[in-house]
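Position 1 is the first residue of the sequence, and the numbers go up from there. Remember, it's a predicted structure, so these values are computed and weren't measured experimentally. All values below were derived from every heavy atom in this structure, side-chain atoms included, with hydrogens, water molecules and symmetry-related copies excluded.
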Amino acid sequence: MGLTPFCSQALRTVGLVLFYYVFSIGITFYNKWLMRDFHFPLFMTLVHFVIIFSFSTLTRFAMQCWTGKPRVTLPWKVYLSKVAPTALATTLDIGLSNWSFLFITISLYTMTKSSAVLFILFFSLVFKLEEPNPFLILVVLLIASGLFMFTLKSTQFNLEGFIMVLLASFIGGIRWTLTQVLMQKAELGLQNPIDTMYHLQPLMFLGLFPLFLLNEGLSVSTTEKLFRVSELSHLLYSLVTLSVGGMLAFGLGFSEFLLVSRTSSLTLSIAGIFKEVCTLLLAVEFMGDKMSTVNWLGFAVCLSGISLHVGLKTYYNKGKTYSDYACKYL
């Protein structure tokens, strides 16, 4: 009889992890698939922002009706001064990540994106959100050397895409450090990620829009996939495929929050490690990604560094912090 609650908890955790995997792995492969024929990643990202904002608004309204309590809405002065830096960093991180799919494979993207923990650690130390620890040097060495081994003699290496993802990882370090600061300020009332997504999306849209106009504005306005369609079915197909990506993006944020709230940030961090393994295996099996023995060894070394980081966070900080939460993107 004593095993029944344990089994129930275990099954619920497994179910939540699988729910998270569907969106996390799904959006990676979906965006890569979409980029094969739809070469406008910044426009796609803007559409995602609009959909996430719409779903966040509806979710907030539903939560308000359910609880009877109004959701937090920041005044303009606080909104622009406190939220804008986080929104800009988030915009560049997501925009560059999606842009890189035009150039690199999923395996190289996944591995390079894992380096974000290096920049998260760096900026956490700069903003004094992390205590200096000698083990952090080992974490940095393992991840950096693993990344080097993974890219060494890679037959599908693309420098332009690699730089984009590496820059996105660097900006991601700033992004998650600022997000942690934003969510830890109790007076702002943005502890719930749904409220955070709701406030971030408008500024993220405005931040990415000039870059979109500069790089894709003319091409999008003249493409037969959108504004110069010869058949309505082509336009509907483009809108549906873009909308599915936006729903996956919102589902990813929602599934992450659900997993953390019902289990722990440690569960999400560990699930993120196994997610990387699943992503690479699927990329090799279904997307034709090629990896040598040295590449796989580099991936194992990098994962060991990430695992050590998660273990250290658990040991030195028993409470739930958003830096653990940020490990989901590694």
Partners passing ring pair (Phe, Tyr, Trp, His ring centres under 6.0 Å) against Phe299 (at least two apart in sequence or in another chain): none
Set of side-chain hydrogen bond (donor to acceptor under 3.5 Å, both in side chains) partners for Thr45, sequence neighbours left out: Asn98
Test side-chain contact (heavy atoms from CB on, under 4.5 Å) applied to Thr196 and Leu200, step by step: CA-CA 6 Å; Thr196 305; Leu200 284 175; 3.7 Å; yes
Intermediate values then yes/no, side-chain contact (heavy atoms from CB on, under 4.5 Å), Ile25 and Leu282: CA-CA 9 Å; Ile25 298 176; Leu282 290 171; 3.9 Å; yes
From OG (Ser107) to CG (Leu281), nearest 0.5 Å: 11.0 Å
Verify same cluster id: Leu239, Val220 (apolar side-chain graph, 4.5 Å): yes
Under 3.5 Å: donor-acceptor pair, side chain of Lys32, backbone of Ile106: no
Aromatic plane relationship, Phe212 with Phe209 - under 30° parallel, 30 to 60° tilted, over 60° perpendicular: tilted
Pair listing, salt bridge (charged side-chain N to carboxylate O under 4.0 Å, His left out) test, anchored in residues 76-104, at least two apart: Asp93-Lys113, Asp93-Arg175
Side chains of Phe29 and Thr279 in contact at under 4.5 Å (non-hydrogen atoms): yes
Taking every non-hydrogen atom, the tightest pair across Ala249 and His48: CB-ND1, 4.5 Å
Pairwise distance CD1(Ile194) to OG1(Thr59) - rounded to 0.5 angstrom: 5.0 Å
Phe53 reachable from Met63 in the ILVMFWY side-chain graph, under 4.5 Å edges: no
Verify same cluster id: Tyr30, Val22 (apolar side-chain graph, 4.5 Å): no
Inter-residue atom distance Leu206.CG - Leu88.CG, 0.5 Å rounding: 11.0 Å
Polar side-chain atom of His199 near backbone of Leu74 as donor-acceptor pair, under 3.5 Å: yes
Listed partners of Thr57 passing side-chain hydrogen bond (donor to acceptor under 3.5 Å, both in side chains), at least two apart: none
Hydrophobic cluster identity match, Phe23 and Phe286, side-chain contacts under 4.5 Å: yes
Side-chain donor-acceptor pairs of residues 36-44 under 3.5 Å, sequence neighbours excluded:
{"unit_1": "His39", "atom_1": "NE2", "unit_2": "Met35", "atom_2": "O", "d": "3.3"}
{"unit_1": "His39", "atom_1": "NE2", "unit_2": "Arg36", "atom_2": "O", "d": "2.9"}

Close side-chain approach of Leu159 and Phe103, heavy atoms under 4.5 Å: no
Can you give me every donor-acceptor pair (side chain of residues 139-149, partner residue at least two apart or in another chain, under 3.5 Å) with its distance?
{"unit_1": "Ser145", "atom_1": "OG", "unit_2": "Leu141", "atom_2": "O", "d": "2.6"}
{"unit_1": "Ser145", "atom_1": "OG", "unit_2": "Leu142", "atom_2": "O", "d": "3.1"}

Between OG1 on residue Thr91 and CG on residue Leu208, distance to nearest 0.5 Å: 6.0 Å
Rounded distance (nearest 0.5 Å) linking atom OG of Ser243 with atom CG of Leu236: 10.5 Å
Backbone of Met197 reached by a side-chain donor or acceptor of Gln201 within 3.5 Å: yes
CD-CG distance between Glu216 and Leu211, expressed to the nearest 0.5 angstrom: 8.0 Å
Side-chain heavy-atom pair Thr105, Tyr109 within 4.5 angstrom cut-off: no
Pairwise side-chain contact, Thr90 with Ile94, heavy-atom cut-off 4.5 Å (strictly under): yes
Same cluster (ILVMFWY, side-chain, under 4.5 Å), Tyr198 and Phe61: no
Polar side-chain atom of Ser100 near backbone of Ser97 as donor-acceptor pair, under 3.5 Å: yes
Polar side-chain atom of Thr28 near backbone of Ser24 as donor-acceptor pair, under 3.5 Å: yes
Derivation and outcome, side-chain contact (heavy atoms from CB on, under 4.5 Å), residues Leu242 and Ile51: CA-CA 10 Å; Leu242 289 171; Ile51 293 175; over 6 Å; no
Any Gln64 side-chain heavy atom under 4.5 Å of Lys69 side chain: no
